[in-house]
K.L.:
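To start, I am sharing the structure in question, which I have written as structure tokens.
Below, all heavy atoms of this structure are taken into account, side chains as well, without hydrogens, waters or symmetry copies. Sequence positions, counted from 1, serve as the residue numbers for this chain.
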Amino acid sequence: MPFLSVSPVHFRNLQDRTIDVLAREVFFTGENGQGKSNMLETLYYSAYGSSFRTHSDAEIIRKGEKDMRLRSLFREESGSARTTSITLEGGTKKIEKDGKIIHDRKELVNTMPCVLYSHDDLDFAVGAPERRRFFIDQSLTMYDVLYVDVLRRYKRILKNRNICLKERNYSLLETYDIQLVQNGLEIQKKRKNAVFQFNQIFGKLYEEVCGIRGISIRYSPSWKKTSEETAEEGRFADANIPSIDDVLSTIKSRREMEKMLCTTVLGPHRDKIVFMKDGGEFVPTASTGQRRLVALMLRTAQASYYTQVTGKKPVLLMDDVLLELDPEKRQRVTEVLPAYDQLFCTFLPGEPYERYRHDTTRVFRIQGGAWEETT
């Protein structure tokens, strides 16, 4: 489902005109601050109705303007052209797909699936645990609308439960406990399966690019079965995911601690995801380059996982992510890129993007928010 064109109006510093991006590979070149990342942001925003750079939609509107409009034309697998249109005006966002208003961003799932490679991805390797949880959740929400719903329910229940603890209003805790566990266990099961699938892809990719064998991802859910229960069920136990009654019992055993701390101490919001090698954690002793490759290969695995689950190829958005790699690693990363419907890359002037382009690749020079196609 490739993009055919994008038409921004008052979108950051980009000029108000349509850019034709019909090509399998599209490169944006230019100095920092000229609008290369803004071009990728228009594509991502069209696909998901949100930005990968800010949580505030107001920041997207060009300074001095009061509204923003973004229209995208894309092609479905059937060959028919479709459109999305997003408007920000007076603090209100309106999303339309083929002229029909969408009331929930989840309705965009699978419309134009994009996998974004960016510098911030390094957080998946070295950042806080919630960043790794976010990555797995993002991978699931790219195609699973039901997961979007259960994740939202869990977060809403968790928020209300924490309010009860902070306000010392304990009368509703048992009701929230049941709801929290029902939705939380569903999240654990889906995360467990996703990590299992990622492990079939990630380690092989990392070895091929970096030459280091045996890298894997370990999922450690907050709610676990006891070691005795796991031993009785054998080594094929369901990733230590316990029953509802077991989790409710565990929660009750932590009740006094939660009252003292005024927060929920266990649940999927506390799950841990760790990169392992030879029985120990890999990242703490890895070099900066090896950590950067963890992030890059996670994104590549994410794209492969999406195709494996849905049978569809995503659009890849690569925002200056090859810049910090040596030439040999750059070449290897490009060689293991997954099958894609379309690829967009940004490059600084002087970068050897010529070695990555094909006969049909289109190259645009970005300066001051304006673009010009080059040969």
Side-chain angles (χ1 to χ4, degrees), residues 48-50 55-56 93 102-109 123-124 127-196 217-230 232-233 237-274:
Y48 297 116
S50 63
H55 294 295
S56 173
K93 179 191 294 184
I102 288 178
H103 298 286
D104 193 321
R105 286 193 299 112
K106 73 178 183 180
E107 295 178 52
L108 289 175
V109 169
D123 282 352
F124 300 145
E130 56 261 32
R131 291 296 292 156
R132 287 181 285 283
R133 292 193 295 269
F134 168 82
F135 174 81
I136 295 299
D137 289 340
Q138 183 189 65
S139 300
L140 286 161
T141 55
M142 282 179 64
Y143 68 91
D144 190 345
V145 175
L146 295 179
Y147 189 73
V148 175
D149 290 335
V150 72
L151 197 61
R152 286 176 175 177
R153 285 197 301 269
Y154 180 84
K155 290 179 179 180
R156 183 172 62 250
I157 295 162
L158 178 65
K159 179 180 179 180
N160 290 335
R161 190 177 188 276
N162 283 338
I163 290 174
C164 288
L165 288 168
K166 289 176 182 178
E167 295 180 351
R168 303 188 184 281
N169 177 12
Y170 307 132
S171 60
L172 294 176
L173 280 184
E174 289 194 4
T175 299
Y176 284 133
D177 287 350
I178 295 173
Q179 296 174 359
L180 192 80
V181 173
Q182 289 174 333
N183 289 278
L185 286 178
E186 185 64 23
I187 290 172
Q188 279 194 197
K189 290 176 183 177
K190 288 182 178 290
R191 284 179 178 173
K192 173 253 179 180
N193 181 65
V195 171
F196 175 81
I217 307 171
R218 185 181 71 188
Y219 174 49
S220 181
S222 178
W223 296 330
K224 299 178 181 179
K225 293 179 181 178
T226 65
S227 57
E228 292 81 6
E229 289 173 326
T230 303
E232 289 176 3
E233 294 185 10
D238 192 12
N240 277 352
I241 296 178
S243 67
I244 291 178
D245 289 340
D246 288 338
V247 177
L248 287 173
S249 178
T250 299
I251 289 177
K252 288 181 180 179
S253 71
R254 303 295 181 96
R255 185 78 82 217
E256 293 307 313
M257 179 188 296
E258 290 186 330
K259 289 180 179 179
M260 180 178 65
L261 297 175
C262 298
T263 191
T264 303
V265 298
L266 293 177
H269 62 291
R270 302 287 187 181
D271 287 353
K272 294 182 180 179
I273 297 167
V274 183

K.L.:
Contact between Phe135 and Ile273 at the side-chain level, heavy atoms closer than 4.5 Å - yes or no?
P.N.:
no
K.L.:
Can you name the side chain to side chain contact (heavy atoms under 4.5 Å, CB included) partners of Lys252, sequence neighbours left out?
P.N.:
Arg255
K.L.:
By side chain to side chain contact (heavy atoms under 4.5 Å, CB included), which residues pair with Ser249, not counting sequence neighbours?
P.N.:
none
K.L.:
Parallel, tilted or perpendicular: which fits the ring planes of Tyr154 and Trp223, with parallel below 30° and perpendicular above 60°?
P.N.:
perpendicular
K.L.:
Taking the side chain as every heavy atom from C-beta outward, state whether Leu165 and Tyr170 have any atom pair closer than 4.5 Å.
P.N.:
yes
K.L.:
Please list all pairs meeting salt bridge (charged side-chain N to carboxylate O under 4.0 Å, His left out) that have one or both residues in residues 162-173, counting only residues at least two apart or in different chains.
P.N.:
none
K.L.:
Is there a donor-acceptor contact under 3.5 Å from the side chain of Arg191 to the main chain of Ile136?
P.N.:
no
K.L.:
Does the distance from a Lys or Arg side-chain N to an Asp or Glu carboxylate O, for Lys155 and Asp137, drop under 4.0 Å?
P.N.:
no
K.L.:
Return yes if some donor-acceptor pair links the side-chain N/O of Asn193 with the main-chain N/O of Lys189 below 3.5 Å, else return no.
P.N.:
no
K.L.:
Tell me whether Asp177 is salt-bridged to Arg161, with the criterion being a basic N under 4.0 Å from an acidic carboxylate O.
P.N.:
yes
K.L.:
Restricting to non-hydrogen atoms, name the atom on Leu173 and the atom on Cys164 that form the minimum distance, rounded to 0.1 Å.
P.N.:
CD2-CB, 4.1 Å
K.L.:
So do the side chains of Leu266 and Ile251 get within less than 4.5 Å of each other, counting heavy atoms only?
P.N.:
no
K.L.:
Check whether any side-chain heavy atom of Gln188 sits under 4.5 Å from a side-chain heavy atom of Pro242, and report yes or no.
P.N.:
yes
K.L.:
Considering residues, nucleotides and ligands other than Phe196, do more than 12 of their heavy atoms fall under 6.0 Å from its CZ?
P.N.:
no
